[in-house]
Amino acid sequence: RNPSVRMELGNEYQIKKQTHMKTILITGGAGFIGSHVIRRMVTFHPETRVLNLDQLTYAGNLENLKDIENAPNYQFIRGDICNTAFLERLFQDYEIDGVIHLAAESHVDRSIADPMAFINTNIVGTVNLLNACRGAWKDLSTKLFYHISTDEVYGSLGKDGLFTEETAYDPRSPYSASKASSDHLVRAYYHTYGMPVVISNCSNNYGPNQFPEKLIPLAIHNILNMKPIPIYGKGENIRDWLYVEDHASAIELIFSRGVHGRTYNIGGLNEWTNIDLIRLLCRIMDEKLERVPGTSEKLITFVKDRAGHDLRYAIDSTRIEEELNWKPSLTFEQGLARTVEWYLQNIAWMENVTSGAYQSYYRTQYEER
Ligand code: NAD
Ligand code: TYD
């Protein structure tokens, strides 16, 4: 699909590429989604210099980028988006043309336990980056700041309806409130300072490299180790799941062709209750591990519900489909099978992550600037 999309885009795509895509700064590139975006940009855009700025928090793992770490158009920089002096130096040292901003604290449960880390990175860090761009960018017409956000800013749906780009923001967790706040600030910089921006709000991602605190990799990890799979409440909450590569392809498209000042919703039209999803995953895992059918399902354990647990998210992605010709490439069954396959083939990745070994290795290799 991608090569044909590129052909359809033709000249316009080429022209845009020459302006804000010479040197791009991708933040959070060592994380789950960021690593897929980095690989895609480094591989499909050899003429673009890709800088990966990441602090390597617990969620950042350069193991995710081992296969492209020596690519000539790729460079890793360890640093914190909360550090304004560092950002100022970075924008002086490199002539950055475009930013794809993914660095964030990303887990709702952690935001309930420690909201301040989310306020700092997600809100203050985003404004720091916007200010660094404002300070460094003289000709705004050739630049672009792209903020990666979540559908959780729209709040919680009842049984019916979909989030559109016009849905009023109604965030309910410290995580979603921090992302909503940063979205508002990005838009404020567009209106107030003429900063060229785009924003996308995506549904729940799954796929390789996802940290095993999120539902799907956590369940895979626990099934592998015959540990209980915790299901919050009754497991009736609904999420719309999108394979991470499909999100990365949408990000590439929006960065290349998105209309400035605009928001794009990205989703899979793929709603699952948590319990149905976990039952499907258990069946796939039993099959792949050649276990007696029903073995993994016995691990399902209902636990206390998450505080303020949003009931349902679902996305109307008509705009990106019609304007940018994007569609998810995989069904959920295909994506989930591929994901399970990846985790089974990368048990060492999972072990390094759960033991914390990845952190001491990469952190000592890269000093924070
Ligand atoms: P992640 O937690 O896997 O990765 C976040 C990355 O940001 C890590 O590599 C971490 O080291 C880095 N980081 C954190 N704080 C930093 C700081 N202060 N300075 C520099 N780097 C820092 O997150 P993810 O799931 O890949 O999500 C990436 C982005 O996409 C986030 O902005 C998130 O809100 C958004 N998003 C995620 C999903 C999802 O389902 N995972 C869905 C929609 C939107
Ligand atoms: P999660 O992967 O944390 O993503 P988000 O909260 O951003 O949607 O959770 C997905 C759903 O799974 C959500 O409804 C909470 C639920 N959940 C569990 O039931 N058990 C778990 O152990 C986790 C981590 C999540």
Side-chain angles (χ1 to χ4, degrees), residues 16-57 59-104 106 121-122 125-140 142-148 182 186 189 195-198 200 209 247-249 251-256 258 362-363 365-369:
K16 288 252 170 137
K17 236 174 161 174
Q18 283 153 19
T19 59
H20 64 273
M21 285 178 68
K22 275 189 283 187
T23 296
I24 62 174
L25 179 72
I26 300 183
T27 69
F32 165 48
I33 302 170
S35 62
H36 292 271
V37 175
I38 294 263
R39 180 173 299 98
R40 198 172 185 91
M41 298 310 284
V42 165
T43 312
F44 291 171
H45 303 275
E47 71 296 343
T48 295
R49 176 158 65 154
V50 178
L51 307 174
N52 175 9
L53 165 60
D54 198 296
Q55 194 195 359
L56 300 183
T57 67
N61 183 359
L62 288 174
E63 188 76 31
N64 296 344
L65 293 164
K66 211 96 209 87
D67 55 323
I68 56 106
E69 69 182 3
N70 294 320
N73 62 334
Y74 170 72
Q75 190 181 334
F76 176 71
I77 298 158
R78 183 162 179 224
D80 182 353
I81 57 169
C82 295
N83 181 340
T84 48
F86 155 71
L87 286 179
E88 209 174 298
R89 265 185 283 126
L90 181 75
F91 276 76
Q92 275 163 11
D93 291 351
Y94 297 91
E95 182 151 351
I96 292 162
D97 303 297
V99 174
I100 305 180
H101 176 37
L102 295 110
S106 67
T121 290
N122 300 2
T126 300
V127 176
N128 286 343
L129 263 178
L130 286 163
N131 285 341
C133 294
R134 250 191 96 208
W137 288 352
K138 300 293 169 256
D139 179 4
L140 288 176
T142 61
K143 310 289 189 186
L144 182 61
F145 185 98
Y146 178 9
H147 185 230
I148 307 300
S182 54
V186 170
Y189 272 61
M195 175 71 62
V197 306
V198 279
S200 58
N209 301 346
H247 188 192
S249 79
I251 290 174
E252 183 193 14
L253 213 48
I254 291 168
F255 188 61
S256 317
Y362 285 109
R363 282 191 186 152
Q365 273 203 331
Y366 293 97
E367 286 292 318
E368 194 164 342
R369 298 202 343 171

**Complete:** Smallest heavy-atom separation, Leu65 atom then Gly29 atom, equals CD1-O, 3.3 Å

**Item:** Check: Met21 main-chain N/O paired with Thr48 side-chain donor or acceptor under 3.5 Å
**Value:** yes

**Positive for side chain to side chain contact (heavy atoms under 4.5 Å, CB included) with Leu129, one of Thr84, Thr27, Leu90** = Thr27

**Asked** Atom NE2 in His147, atom CG in Leu130: separation rounded to 0.5 Å?
**Response** 8.0 Å

**Asked** Of all heavy-atom pairs between Ile251 and Leu102, which one has the smallest distance, and what is that distance?
**Response** CD1-CD2, 4.4 Å

**Item:** Expected output: side-chain Asn73 to main-chain Glu47 donor-acceptor under 3.5 Å
**Value:** no

**Asked** Salt bridge or not for Arg39 and Asp67, using N-O below 4.0 Å?
**Response** yes

**Request:** Grab the two heavy atoms, one from Pro196 and one from Leu140, that are nearest each other, plus how far apart they are.
**Result:** CG-O, 3.3 Å

**Request:** Could you grab the distance from atom NZ of Lys138 to atom OG1 of Thr142, nearest 0.5 Å is fine?
**Result:** 12.0 Å

**Main-chain N/O of Ser35 paired with Asn64 side-chain donor or acceptor, under 3.5 Å** = no

**Fill in**
Nearest heavy-atom approach of Phe145 to Val186 is CE2-CG2, 4.0 Å

**Prompt:** Within the distance-only criterion (no hydrogens, no angle test), does the side chain of Trp137 pair as donor or acceptor with the backbone N or O of Ile96 below 3.5 angstrom?
**Reply:** yes

**Complete:** Scanning both residues in full, the closest heavy-atom pair of Glu252 with Phe44 reads OE2-CD1, 3.8 Å

**Asked** Is the shortest distance from a Lys or Arg side-chain nitrogen in Glu63 or Lys66 to a carboxylate oxygen in the other one below 4.0 Å?
**Response** no

**Prompt:** Does Arg78 offer a backbone N or O that forms a donor-acceptor pair with the side chain of Asp54 under 3.5 Å?
**Reply:** no

**Asked** With sequence neighbours left out, which residue pairs that include part of residues 87-102 fulfil the salt bridge (charged side-chain N to carboxylate O under 4.0 Å, His left out) condition?
**Response** Asp93-Arg369, Asp97-Lys143

**Message:** For Phe255, is there any backbone N or O sitting under 3.5 Å from a side-chain donor or acceptor partner on His20?
**Reply:** yes

**Fill in**
Closest non-hydrogen contact found for Ile81 with Thr121 is CD1-O, 3.6 Å

